[in-house]
Amino acid sequence: MPELIAKSALHGQAPKVALGTTLSEGVVEKMVSVAPYPGRGAAVDAVLGALGLRFPAAGEAVAAGDVRLIWVGRGMAFLLGADAPAGLAEHAALTDQADGWAVLRIAGPVAVDALMRPFPVDLRAAAFPVGKVARVPLNHMQAVLCRTGEDAFEIMVFRSMARTAWHEIAEAMDVLEARARAS
Amino acid sequence: MRYSGLQVIKEGLFGNKGWKPAWRDPAPKAEYDAIIIGGGGHGLSTAYYLAKNHGMTNIAVLEKGYLGSGNIGRNTTIVRANYFLPGNSEFYSHSLKLWEGLELDLNYNVMHSQRGLINLFHSDGQRDAFARRGNMMINQGDDAILLDREGVREMLPFLDFEQTRFPIYGGLYHPRGGTARHDAVAWGYARGADRRGVDLIQNCEVTGIDVEGGRVTGVQTTRGAIKAKKVGIVVAGRSSQVAAMAGMRLPIESHILQAFVTEGLKPVIDHVISFGMGHFYISQSDKGGLVFGGDLDFYASYASRGNLPMVEHVMEAGMTLMPMIGRAKVLRSWGGIMDMSPDGSPIIDRTPVDGLFIDCGWNYGGFKAVPASGWCMAHLMATGESHPVAARFKLNRFATGHVIDEEGTGSQHNLH
Amino acid sequence: MRINCPLCGTRDRREFYYYGAEDYLDRPAPEAPAQAWDDYLHNRDNPAGVTRDLWYHDLGCSSWLVVTRNTVTHEILAVEAVADRKGGAA
Amino acid sequence: MRLEGKGLVDRGAPVSFTFDGRSYMGFAGDTLASALLANDVRLVGRSFKYHRPRGILTAGSEEPNALVEVVEGNQQTPNVRATVQEVFDGLVARSQNRFPSLSFDVMGVNDLLSPFFSAGFYYKTFMWPRPFWEKLYEPLIRRAAGLGRLSGRHDEAQYEKAWAFCDVLVIGSGPAGLMAALTAAQAGADVILAEEDARMGGRLLSENCRVDGQPGADWAEAVLDELRGMPNVRLMARTTVTGAYDDGTFGALERVGLHRAPAPHLPRECFWRIVAGQAVLAAGALERAVGFPDNDRPGIMLASAVRSYLHRYGVVAGQRVAVLANNDGARATARDLMAAGVKVVGILDTRPDASAVEDCPVYLNAQVTGTAGRTGLRSVSFRHAGGAAVLEVDLLAVSGGWNPTVHLTCHMNGRPLWREDIAAFVPSPGAVPRLTAAGACNGAFSTAGCLREGRDAALVALAALGRAASDVALPVAEDAPYAITPFWETPGVEGRQWLDFANDVTTKDVKLSAQENFRSVEHMKRYTTQGMAPDQGKNSNVAALAVLADATGRGIPQTGTTTFRPPFVPTSIAAMGAGGRGAGFAPQRFLTSDQASRDRGAPMIEAGLWYRPSYFPKPGEATWLESCNREVLMVRESVGVADVSTLGKIDIQGRDAARFLDLVYTNTFSTLPVGRVRYGLMLREDGHVLDDGTTARLGEQHYLMTTTTAAAGLVMRHLDFVHQAFCADWDVRFVSVTEGWAQFAVAGPKARELLATLLGEVPALPFMGVADVALGSVKGRLFRISFSGEEGYEIAVPTRHGEALFRDLLARAETMGGGPYGMEALNVLRIEKGFITHAEIHGRTTAFDIGMEKMVSAKKDCIGKAAAARPGMVGPEREQLVGLKATGAMTAGAHLFVPGERVHRETDQGYVTSVCWSPVMGAHLALGFLKNGRARHGERVRVVDHLRKIDVVAEVCDPVFHDREGVKLRA
C-alpha cells in the first residue's frame, strides 16, 4: 500500500516580489462547499451557529477564528478551515472542494493595481471593502476574489489553470515595475 | 451609358462632365406587377433577375433609406462556396458561379477577387470535419485542397506557428474563394435593374402590407399606398418587423456583428484567412486596409453597434494567430444587424399569404449569397415555385425538423 | 454593456452568457401540439425595442437572469433571477 | 525655425533623432512634427492616391499628411502621426508611400493621370478580360495602394490592458476639462482626467491667452498641481478615449512607452476599459481647412497649428506668412506671429465685411486662386475686394472655422445637430447616456465659455451622482464672440481643391458623385472614399458635406452626416488584443500527470484547453502509429493506464436528485441502485444529442455525473438552466468536482491484478459498479467502467495525490508488461468497441441516428424528447451510425457512395467520422453515418476522399467491432 504524496497546484513556485508586493501560493487544507436545500436557511444557520458562523449573504465572507465561510455563488458557500459540522448534511449538499482549487495570495502596495489588469471589477475600497468576496473572472478564467486586507487579496482558480493565473498576475506586476522604473 | 476603359479615358479628357446618373430617381407608380421591399444587395439582385431572367420590368424596389444601406455595405466582403450540407452546398455553389460572371453581366466592376480562402484547423478532429466539408465541395463540383501545416506555412508564413495557443495543423484551401467590393455589388445591381426599367425608390419606407382574403394586394408606404400583385420581403436586419405587418412571427432573432478595418497598409495578406477556433477572419482590401471580424456580440440587438468584449476578443485572436498585425491600427469599427435563424441557414419561401414571399435569415453569411439569393427569389416570385438550388430553404423546416445546421449548435439563434 | 446581477452587482457583459428570448422559460407540456414546440424553440417576436431575454452569469455566480432591456438603445431596464421570478418555478 | 525664449519645450534637454536617415536635434517636449519644423523640414509625406508631396497640416492626432514609419531594430510601426510622436534620443523615423525617395517619388506620375482616376473610375473599367483582374489589374492597384508598411514579423513587444473605475471621467484637459475635473474632485468624487496629449492643458498651452490674469499655461499648471494633490483624482496623460460604449464604459488608449526607448516589460501601449458613473466630454474642437486650388502643398497649415507650434514649441514654420480665414479667431495667428517678430505679409479674409484693421495688410473678400511650390509653398495668388495679387510666402495659415469634436457623442448612434451660427455640428444632448459635453466640443469657443461649461457639466454630473457640489469660482477669461461666415470652396476657379488630403478626394470628386446620382451622403462617402483615410474624415467630412449639399441643392442639415464610429483615433490591434499573443489567448489546463507524461516523451495535444498525451514513444518506434499499435495491444493483452481526469464531473445531491437526472437524461436514473453506474444520454431541447457519459449513484440522494471533456462547461450551464428555470424548488444541488479528482483508467485483462497490488484487495465490483477505496490514508473511488472494451476500472483520488498515483500506477503496470497509453490508442480502443465521441455526436445527430432511440424512455418526459419526435428527425432518410471495415485505409471526412454510381453531392450516401487501423483485427475500421445504415449491414460502400486521394470499398457492419457481447467487460 503506497503512501501517496500530495502536491499543491503550484508546487515549487517561489513567491514573486515586485514593488514591495508579494504574490505567493496559498494553502487550503480543508474546503467544503455548502449548498442549502430550498427552505432550509434557518436550519443551516442553526447548525453553523455552533461554529460561530452563519450562511453568508451574496458577496460576503463570514469568519470565526480560523474558520471561514465564504460565499461563492448562487446558493453556495465554501467552508474553509474546518470539517462540516454534524447535522449540516441534512439541510445542505456538502461536497469536498479542497483539491479543486488553487489559491494565490497577493499583498502589498501595488496589489490593487496588479489585479486591475486581469479582473474586470471595481476594487476601490468603497466598492470592494476588506472582507468582500466576489465571483469574478481572472481574464478568461472563473475565479473567486476575496479582499483579506487593505492591500491583500486571496484568489482562487480551478486548480488546472493555476499556472495561467499565476502568469497573468505576475506579468501585471512586471509591467507595473517597468512603468515605475520608466517614470 | 456603357462603362469601359475607353469611356474612362474619353471622359477624363473632357473633364468627366459627361458621366450620367447611375440610376434614375422615379416617383412611385400607383401599381406594379411586383414590389420588392428592401433595396439592399438581395433586394436589388432580386429585382435585377426578375427583369433579366423573367422579363418582369413593371416592378419596384422600395428602400426606406438609400440603396445598399443595410448589410451589403457593412460586411467583410467574403465570397465563398464552402458549405457541406445539402441545401447550402448547391445554393452557394450556384452563387459562386454567378459571381464569376458578374462584372461582365452587370457591366460594373465589383472587384470580385478570387484570391483564395484558407480555413485553419487546430486538431485532428477539426481536420476531419474540414475534410468532410472539402469533399462535399468537390462532390458538388467546387474546389478544395487540404493543406497540412507546411502547406499553410508556405502560403501564410507570417502566422505564428510556434507559440500560438492553438497550434496550426493545417487548412482547407478554397482557391475560388475571395472577396468583392461590397458597395459596388449593390450599385452594380441597382444600375443593372434600373437600366432594365425597374423603379428604384429610395427614402420610401413600407409601413404596412395590404392583405385581402388571404392575398397580398399592395403596401402602404411613407410615400403613399402602392398596389402590387406580388410582394417580396427582402429586408434582412428588419425581417421580423416587416413580416409582422403581414401577421407573421418568424424564426429569427436579430444580432449585431461587428467588423473592423485598419489604416491602409502595403500588401501583406494576400488571401482570406479564417481562424475558426478563435472566431477570427481577415483579408486585406485593395486599398490596403486589413478587413477583419469575429463573432456576434451574442445579444439580440438592432443598434448596429457593439461593445468591447467582442472587440477585444477579436483583437486577441488576431494577436495569437498572426502577431505581425499588432502595429496595424484599427481605423473604424461598425456593426451590422444579422437575421439569425435557428439553424444558421436562410429562408427563401412562400408565406401563408398568397403572393407574399420572403427572403431572410441570412445569419452572417448574406453577402456571398447576393447573386443566388436574387436569382432564386426572382424565380420564386415569378413562377411561384422554389428554385431547385433553394428548395430546402423552407420556412417550416424548423417545425418539421428538416434543419440545415452547419455549425451543429442547435436551435439557439445566436450560435450560428 | 453592464448587467446588474442581483447577487453580484453590476458587472461587465463579458461575464455573461446570452441564451435568447424569455420564451425559453415557457416550456410546453410534453404532449403539447407541434406548433407550441415550434413557437417555443424557434419563433420569436424579436422586437426592435423592449424585450426580455435570458442571460447566465457564467463567469460569476451561475445565476440565470431575465433581463428587460431595449434592443435599439441597449438600455437595461430590469434584471431578475430566473429562479426567483414571480410565479416562476414549477 | 526655432525662436529663442518661446515655447514650453525643455531647452535643457536636447535630443537627437533621425528622419529618412538624416540626424536632427530637438528638445524634450517636442513632437516629431515640431522638431522637424524647427529644423525647417517641410516635406514629410506623400498622399495616398496621387502621391502628392505633403507637409504638416495640424498639431494633433487628426493629422492627415505627416504619417511616418517609426523604426525599432527590425520592427517598425507604420502610419505614426508626426504630430503626436514625441521625440526622444534615438528615435528613428522615415517617410512612407514613396519610391525611391520622398523628394522624388515615381508614383507621382499618378498626379498627372488624375483626370482618369476620378471618383469610382475603377468600377467602370478593368472588367475585361476576366482573368486579368486577379493577374494584372488588382496586383497593380494593391501595390499602389496603402500607406505604411508592416514589418511582416511577429510583434513581440509588451502591451497591456487594464480596468479603471471612477465617478466622473473627464475627457480632455483644456479649460473646460480642467474646470470640470476640479469641480468634481473638490466635491469628493473619484475623478479620472484623460488627456490625449503628453502635457495637460489643451489649447491653453497653444494660445496667447490669460486666465485669472495669468498666462493660460500657468493657470493650467496651478490647477493641475491642485489636482495632483488630491487622492481622489487620477491624471492620465497620453491617454486618448477611443470609444463610448454602453453603460458608462469607455475604451482608452494610453501611450506608455512610445515616447522613449523600449525597456523590458514596459508596455508600448495600454488599452484601458474605464467605467464611469458620469462623464464630461471636453474634447475641444478641430480647425477646418479651406478649399482652394492646390490647397495641399507643404507650407499650408491650419492657423491653430501655426499658433501651437509658436506658443507650445517655440517654432515657426515659415519666414513670410499669410493668413487665410473666414472667421475672427484666426486673426490671433497674425498678431502672435508679428509679436514674435515673424513677417506677416497679409491676412486674406474671405469675408467682405470683416475688419480691415490689423498691423499688417488685410485683404477682404479674398479668395485664393492658386498656389505655387511643388515640395514647399512659394507663393499664393488670390483675388480680393480690391483686385488680384500674388504674395511670396512660405507659410499660409488657414482657418475655415472650427468643428466641435463631437465624435464620442456619435458612438452610440447619436446624430449631431447643425448650428447655423457657428456653421458646425454640435453634440445632440443625451446622445451618450450620462455624458455631458462642455466647452469647444459643445460649440463654446471662448475661454470663458469653456471654463463655465466645464464647471456646469461637472455640476450636472455631481447632481446625477447625488453628490453635493462645492462652490467653485469661475476664473476670469476672454469671452469674445465667435464670428464666422462659412467658406467651403473657392468658386469659379480651375484646379483641384482638396477635401480629404490623405485619400486625395477633391471637390470635383464630390460633385461627380452627385452628378452620377450618388447623392446620399453615405453614397458620396463610399463612392469617393471621402473620410475613409487615417484621419477618419476629421479634417474634411464637414466641408465635403457642405460641397455635396451645394451640389445637390440641399441644406447641410437635410444632407445629413455620416456616422462617427469607434475608435476616435486609430488604435493598434496589439493594444486592444494585449495578452492574447501566444498562449495568452486562452487559459492552459494541466493534468497532474502532465510532467510524468512529458518525462516519457509524450507529445502533448490540446483538448478542450487541456493538454493530453498523444502517445508514449518507446525507443525504436519511428512513427506515432507504431507506438499507438503497441499501446492498443498492451491494453488488449495486459494492462494500460491513462489519465481521464479531463472528463467533467458533477456532484449531484438531494432528495430530488434522481428526479432531476430523469429530466435531463433520456433514460432513467431513479431506478439505478446505489453503488452502480449507468451510461446516460442527454439531448438538447431541440432533440439533438448534447452529450453522453456515465453517472454513478453514490448514495440514495447522491449521484456523480460525468460529461465529455469538451462539453463539461456546456452541460453545467444546461443543468443550471433546467434547474433554475423549471425546478428551482426541487431538493437538488450540484457542483462541479472536475478539478477535485484525478482519475485514471486502468484497462486490460491484467487491470484487476494491477489494482490488487495497489489496493491489497480489489472490491468485488460488478461491471458498472462503484465503491470507495483507501490508498493508505487517502480516500479514493473505484469505478468499474470501460471505454476500451476490456475489463476496465477508473480509480480516482483527490487531485493533490494525482501525480503520485499516476507514477505509481505506471510503475506497477510496467512490471506487468503494461504501461501508459495516450489519446491515439484510446481512440483506437473506443472505435474498435464502437463507442462514440463528439466526432459522432457533433450536434447534428439524434438518438435515432446513433441507434439509441430505445434509450429515450417512453415512460417519462425529458429535455429534448418532444422535438426529437419531429418527422424530419427520424426515418430511413436519416444518416445512421454504422461500422465500416476495409482492407485499405479510410479517412475521417470521406464520403460514402454506392459502388458504381456517379460521385456527386446528389448521390452522397453519408460520411466517415472516425477511423483507425486495428492491430487486433488487422483491418482498417471506421465509424460513419450512412443513409438508412442500420438496414444496410453487409452492403458494400465506396469510401471517397478526394482531398487525401482515398477511394476504397468497405463493408458496412455493426459499429461494435470488438467483443460485441461484452464478455470481456463483464469478466
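Predicted, not measured: the structure shown is a model, and the values here were computed from it. A, B, ... follow the sequence lines: proteins, then strands. Residue 1 opens every chain.
For Phe260(B), no part sits under 4.5 Å from any heavy atom of chain D, backbone or side chain. Neither the backbone nor the side chain of Ser93(B) comes within contact range of chain D; no heavy atom of the residue lies under 4.5 Å from a heavy atom of that chain. With a 4.5 Å cut-off on non-hydrogen atoms, His313(B) touches chain D through its backbone and its side chain both. Of the two parts of Tyr911(D), only the side chain, counted from C-beta on, holds a non-hydrogen atom closer than 4.5 Å to a non-hydrogen atom of chain B. Interface residue Ile145(B): only backbone heavy atoms are found under 4.5 Å from chain D. With a 4.5 angstrom heavy-atom cutoff, Gln7(B) does not touch chain D via any of its atoms. Both the backbone and the side chain of Val330(B) come within contact range of chain D, each with at least one heavy atom under 4.5 Å from a heavy atom of that chain. Both the backbone and the side chain of Gln284(B) come within contact range of chain D, with heavy atoms under 4.5 Å apart. Residue contact with chain B, scored on non-hydrogen atoms closer than 4.5 Å, involves the side chain of Asp908(D) exclusively. Both the backbone and the side chain of Ala144(B) come within contact range of chain D, with heavy atoms under 4.5 Å apart. Contacts of Phe14(B) with chain D are absent, with no heavy-atom separation under 4.5 Å from either backbone or side chain. Using a 4.5 Å cut-off between heavy atoms, Val8(B) touches chain D through backbone and side chain atoms alike. Contact of Val569(D) with chain B is made through the backbone alone, with heavy-atom distances under 4.5 Å. With a 4.5 angstrom heavy-atom cutoff, Asn203(B) does not touch chain D via any of its atoms. No part of Leu321(B) comes within reach of chain D, as not one of its non-hydrogen atoms sits under 4.5 angstrom from that chain. Proximity to chain B is limited to the side chain of Phe48(D), based on heavy atoms less than 4.5 angstrom apart.
Here the side chains of Phe518(D) and Trp23(B) are in contact, with some heavy-atom distance below 4.5 Å. Here the side chains of Arg268(D) and Arg327(B) are in contact, with some heavy-atom distance below 4.5 Å. Glu316(B) places a side-chain heavy atom less than 4.5 Å from the side chain of Lys161(D).
Evaluation of the ring pair (Phe, Tyr, Trp, His ring centres under 6.0 Å) rule for Tyr173(B) yields no partner, not counting sequence neighbours. Residues meeting the side-chain contact (heavy atoms from CB on, under 4.5 Å) test with Asn396(B), sequence neighbours left out: Lys394(B), Thr400(B).
Note on Glu263(B) versus Arg81(D): salt bridge recorded, some NZ/NE/NH1/NH2 to OD/OE distance being below 4.0 Å. Between Glu269(D) and Lys329(B) no salt bridge is recorded (no basic side-chain N to carboxylate O distance below 4.0 Å). In summary, Glu606(D) and Arg165(B) engage in a salt bridge, as defined by a charged side-chain N under 4.0 Å from a carboxylate O. With respect to the salt-bridge test (charged N to carboxylate O, under 4.0 angstrom), the residues Asp343(B) and Arg844(D) do not qualify. Using a 4.0 Å cut-off between charged side-chain N and carboxylate O, Lys124(D) and Glu11(B) make no salt bridge.
A donor-acceptor pair shorter than 3.5 Å can be found between the side chains of Asn139(B) and His946(D). Side-chain atoms of Tyr123(D) and Arg181(B) form a donor-acceptor pair, as typed in the model, at a separation below 3.5 Å. When only modelled atom types and interatomic distance are considered, Lys20(B) and Asn517(D) share no side-chain donor-acceptor pair under 3.5 Å.
A distance-only check finds a donor-acceptor pair linking the side chain of His523(D) to the backbone of Leu67(B) [under 3.5 Å].
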Walk me through it: do Arg948(D) and Asp148(B) pass the test salt bridge (charged side-chain N to carboxylate O under 4.0 Å, His left out)?
CA-CA 11 Å; Arg948(D) 289 174 285 193; Asp148(B) 62 9; over 6 Å; no
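Comparing Ser151(D), Ala514(D), Pro566(D) by how many heavy-atom pairs each has under 4.5 Å with chain B, the most go to Pro566(D).
In this pair, Phe275(B) and Phe585(D) present their aromatic rings tilted. The plane angle is within the 30 to 60° band.
Of all the heavy atoms in Leu331(B) and Gln536(D), the pair that sits closest is O-NE2, 2.8 Å.
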